[in-house]
Amino acid sequence: MKKIFALALIATAGAALTGCNDFLDDNRYPLTSIVNNPAYWSNPSNCQLQVDRYQDELQPGYGSGSGYGWSLFKTLSDDQVGSSFADWAYPTETATVGEYDYDIVRGANIIIDGVQSADLSKADRINYEGIAKLIRAYEYYKLVRMFGDVCWFSHQVDPGDPEALYAERTNRDIVMDSVLQDINYAIAGISTSKNIIAWSKDLARAIKSEVCLYEGTFCRYRTVAENGIAPNEERAKKFLQECANVSLELVNSYGFNANDYQAVYNSTWSGSESLGIPAFNSNPEIIFGRRYDSVNGRHSTISYTASSTTTSGMSLDAFRAFLFSDGLPEALTTCDNTLVGVPENGGLSIANLLAVRDGRLSKITDPNVYYKGMEWERAGCVGMTSSSGFGIAKYDNEALPVGDRTNSAYNYTCAPIFWNSWMMLNYAEAKAELGTLTDADLNLTVNKLFTRANLPTRTVAELSAINDPANNHGVSSLLWEIRRCRRCELMFDNWIRYWDLVRWHQLDKLDSNTHPDVLRGAYVANAPEQPSIVDGEGFMRAYTNNRKFDKKYYLYPIPTSQIDLYTGAGYTLNKNFGW
């Protein structure tokens with residue numbers, strides 16, 4: 001019957017249960033006697049086996065083979081320009097929407113229900129129930145971000161119960177209340193406090209920080225006209241305060257790489273100090289991450305950014321977002337604010353542009369513009385090209401052997417999933433939104449990031465007085481500058497930027513007709529070799545297409561096949577707002 005209620009694949013010690021997603025042809029239900037048995041769940045090793053299966057679902061890391069990290073190079077953003085046209089995820093309705101799937105929810109519920117009848121110690125039962133509820137909560141959070149109202153299931157669905165199979169979607173606010181309850185249960189119940197590659201209380205806290213910041217700001221900025229639901233200030237303040245509280249706990253519990261912005265991104269598991277490679281497993285900022293090493297697991301992210309593959313480069317919009325070394329934006333700086341590089345050695349150097357800007361920019365992108373016809377080399381990696389002319393350097397570790405950097409599926413730097421700089425930004429933004437941000441808060445968070453980026457530190461009053469003319473979010477100067485710092489610090493990370501635009505109700509900023517810099521690249525009119533497309537102002541374009549915003553894109557469409565299934569069974573599944 002319905003794909004969205006497909007049973008999660010349950011691995012067992014003695015058998016692998018297989019089958020398709022359709023209940024009419026699914027040999028995973030009823031659950032086999034191996035799993036549908038209190039004795040199975042009474043073994044803590046079996047419980048651990050089941051919850052560990054979902055770590056990859058939490059965040060898949062950097063990607064391997066031909067994949068380059070699903071969450072790092074999502075070009076539906078104003079930060080990156082794809083090598084091919086990056087349109088909306090679902091510009092029109094379609095029969096299937098891959099993200100509309102409840103497999104993980106069901107898998108978590110199987111674990112939750114299983115441990116209830118198990119002969120486990122109280123601590124073990126609460127621990128595994130807490131982990132499973134965290135899995136369920138994070139999956140529902142992602143579903144709500146994409147689809148709004150979703151079907152809430154607190155237990156396994158019986159395929160023989162049509163009222164459950166064809167359940168109405170639950171109001172997204174109610175679902176998110178349940179998500180918060182699940183996360184709080186996980187924080188209280190998970191037995192491990194800290195572990196950077198395993199389930200822990202601090203991982204649950206980091207997820208809570210992300211979820212509550214999203215919910216608090218989304219509920220503040222949503223509108224009836226474009227989201228179909230009115231703002232809720234009381235709800236916004238509740239979730240923002242929850243975010244501030246839990247983020248502060250993490251900020252106070254983890255360290256900070258004061259001198260190395262890239263250490264979070266290009267550390268190897270055990271490190272090699274003689275080569276200048278820090279150790280991921282002793283990095284003070286890491287809350288949770290994915291281990292890679294040269295023997296047991298590798299990825300392809302570095303090779304994507306350091307080989308002949310055309311990288312989805314930084315957009316001009318992103319480049320212009322970085323402050324100058326005097327701590328002021330492009331329109332107000334006393335520094336040279338040109339966007340014109342210098343022809344040099346047959347190429348186009350932008351070292352002059354980087355030298356006067358936020359120090360993070362020179363870590364994130366390269367000192368040369370490059371594209372097909374004007375390739376460039378980074379530390380022995382030859383023939384590099386970028387869709388926008390601006391490359392992406394932040395994930396590369398030049399101390400690694402060239403072959404370990406350029407060969408696909410041969411990279412072994414570890415992937416951060418949650419880390420302290422991110423939590424600092426969550427805390428600062430939540431406090432700013434609440435109107436309670438202090439200078440002490442800035443010194444604990446944003447000013448540390450500024451100092452590392454060779455920018456002047458600021459007080460709340462000073463950030464509030466900048467008043468950048470480019471502020472097009474309709475928020476205070478303080479919030480605009482906090483958002484700017486967040487964008488620059490987390491650029492290309494985990495598709496954070498896209499969901500920030502959604503929760504701030506700023507998704508229209510991806511419309512290239514009204515915001516052309518989101519699909520523009522470097523200024524290339526004076527380059528020795530010209531790319532195939534240069535616009536009338538001398539900026540590189542990867543393609544001529546334009547992306548047009550529609551309010552419906554705040555939500556993904558409900559698959560038409562699911563709507564038809566409901567209709568055929570005499571039930572109703574409503575479309576999303578605007579579709």
Side-chain angles (χ1 to χ4, degrees), residues 137-138 140-150 152 170-184 187 204-251 422-438 441-442 445-446 460 463-464 471-487 490 496-509 551 553-555 576-577:
Y138 199 60
Y140 263 121
Y141 158 65
K142 292 188 288 185
L143 286 168
V144 167
R145 285 193 316 187
M146 290 182 282
F147 299 102
D149 298 349
V150 292
W152 172 262
T170 303
N171 180 285
R172 50 99 51 222
D173 287 5
I174 296 174
V175 174
M176 290 301 291
D177 287 339
S178 298
V179 164
L180 181 57
Q181 290 175 11
D182 272 359
I183 296 174
N184 285 337
I187 292 171
R205 290 187 177 102
I207 289 174
K208 180 176 179 179
S209 174
E210 177 188 354
V211 168
C212 288
L213 183 63
Y214 181 91
E215 186 65 5
T217 48
F218 181 86
C219 289
R220 168 164 287 173
Y221 294 109
R222 66 192 183 189
T223 69
V224 173
E226 290 202 330
N227 301 106
I229 185 169
N232 187 325
E233 191 62 17
E234 181 181 355
R235 180 178 182 81
K237 289 179 178 178
K238 169 192 170 182
F239 276 88
L240 288 167
Q241 190 61 60
E242 291 276 2
C243 172
N245 293 345
V246 76
S247 300
L248 182 60
E249 291 178 21
L250 292 169
V251 169
W422 186 1
M423 299 301 108
M424 290 178 176
L425 290 160
N426 288 0
Y427 177 70
E429 184 182 342
K431 291 278 284 184
E433 286 282 0
L434 289 164
T436 58
L437 184 71
T438 66
D441 293 328
L442 284 179
T445 58
V446 169
V460 171
L463 289 178
S464 300
N471 179 354
N472 58 3
H473 282 198
V475 296
S476 68
S477 176
L478 176 63
L479 273 173
W480 174 253
E481 295 304 327
I482 295 291
R483 290 180 182 186
R484 181 204 306 275
C485 185
R486 179 183 181 87
R487 180 184 190 182
L490 303 177
I496 291 171
R497 178 64 179 176
Y498 176 84
W499 295 110
D500 282 350
L501 294 175
V502 170
R503 66 186 178 87
W504 294 331
H505 194 68
Q506 299 294 330
L507 201 58
D508 62 300
K509 303 306 182 288
K551 64 183 180 182
Y553 296 136
Y554 274 105
L555 292 174
N576 267 333
F577 183 79

So CG of Asp508 and NZ of Lys551: to nearest 0.5 Å the spacing works out to 13.5 Å
Side chains of Leu442 and Leu463, heavy atoms from C-beta outward: is any pair under 4.5 Å? yes
Using the side-chain hydrogen bond (donor to acceptor under 3.5 Å, both in side chains) rule, take Glu210 and Trp499 through it: C-alpha gap first, then chi angles, then the decisive distance, then the call. CA-CA 11 Å; Glu210 177 188 354; Trp499 295 110; over 6 Å; no
All heavy atoms of Ile183 vs all of Ala204, minimum pair found to be CG2-O, 3.6 Å
Taken to the nearest 0.5 Å, the spacing of Glu249 CD from Arg205 CZ works out to 5.0 Å
What distance do Leu479 atom CG and Trp504 atom CH2 have between them, rounded to the nearest 0.5 Å? 9.0 Å
With heavy-atom distances below 4.5 Å as the criterion, would you say the side chains of Ile482 and Arg484 are in contact? no
Go through Leu180 and Val211 one step at a time and tell me if the side-chain contact (heavy atoms from CB on, under 4.5 Å) criterion holds. CA-CA 8 Å; Leu180 181 57; Val211 168; over 6 Å; no
Return yes if some donor-acceptor pair links the side-chain N/O of Asp182 with the main-chain N/O of Asn184 below 3.5 Å, else return no. no
Under the 6.0 Å and 45° cation-pi test, does Arg145 pair with Tyr141? yes
Show, in sequence, the C-alpha distance, side-chain angles and deciding distance for Met146 and Leu555, and conclude whether the side-chain contact (heavy atoms from CB on, under 4.5 Å) test is met. CA-CA 5 Å; Met146 290 182 282; Leu555 292 174; over 6 Å; no
Is the closest side-chain heavy-atom distance between Asp149 and Val175 below 4.5 Å? no
Note: Leu478 and Ser464 closest approach over all heavy atoms is CB-OG, 3.6 Å
To the nearest 0.5 Å, how far apart are OH in Tyr427 and SG in Cys243? 10.5 Å
Counting only pairs under 3.5 Å, give me each side-chain donor-acceptor contact of residues 214-221, with atom names and distances, residues two or more places apart or in other chains.
residue	atom	partner	partner atom	Å
Glu215	OE1	Arg172	NH1	3.2
Glu215	OE1	Arg172	NH2	2.9
Glu215	OE2	Arg172	NH1	2.6
Glu215	OE2	Arg235	NE	3.1
Glu215	OE2	Arg235	NH2	3.0
Thr217	OG1	Leu213	O	2.7
Thr217	OG1	Tyr214	O	3.3
Thr217	OG1	Arg503	NH1	2.9
Arg220	NE	Glu233	OE1	3.3
Arg220	NE	Glu233	OE2	3.2
Arg220	NH1	Glu433	O	2.6
Arg220	NH1	Glu433	OE1	2.8
Arg220	NH2	Glu233	OE2	2.3
Tyr221	OH	Glu433	OE1	3.0
Tyr221	OH	Glu433	OE2	2.8
Tyr221	OH	Arg483	NH2	3.4

Any non-hydrogen side-chain atom of Met424 less than 4.5 Å from a side-chain atom of Val446? no
How long is the span from the NE2 atom in His505 to the CG atom in Asn227, to the nearest 0.5 Å? 5.0 Å
Could you go step by step and tell me if Cys212 and Val246 meet the side-chain contact (heavy atoms from CB on, under 4.5 Å) rule? CA-CA 9 Å; Cys212 288; Val246 76; 5.9 Å; no
Rounded to the nearest 0.5 Å, how far apart are OG of Ser178 and CH2 of Trp152? 4.5 Å
Under 3.5 Å, is there a donor on one side chain and an acceptor on the other for Ser209 and Asn426? yes
For Arg222 and Asp173, what are the C-alpha separation, side-chain angles and deciding distance, and is it a salt bridge (charged side-chain N to carboxylate O under 4.0 Å, His left out)? CA-CA 12 Å; Arg222 66 192 183 189; Asp173 287 5; 3.0 Å; yes
Identified side-chain contact (heavy atoms from CB on, under 4.5 Å) partner of Tyr498 from the options Val502, Leu501, Ile496, Asp500: Val502
Got Leu425 and Thr445 here, is their nearest side-chain heavy-atom distance under 4.5 Å? no
Minimum side-chain heavy-atom gap Ile229-Val224 below 4.5 Å: no
Given Trp422 and Leu490, is the side-chain contact (heavy atoms from CB on, under 4.5 Å) satisfied, shown in steps? CA-CA 7 Å; Trp422 186 1; Leu490 303 177; 3.7 Å; yes
For a quick check under 3.5 Å, do Asp177 and Gln181 share a side-chain donor-acceptor pair by atom type? no
Taking NZ in Lys509 as the centre, count heavy atoms belonging to other residues, nucleotides or ligands within less than 6.0 Å. Is the count above 12? yes
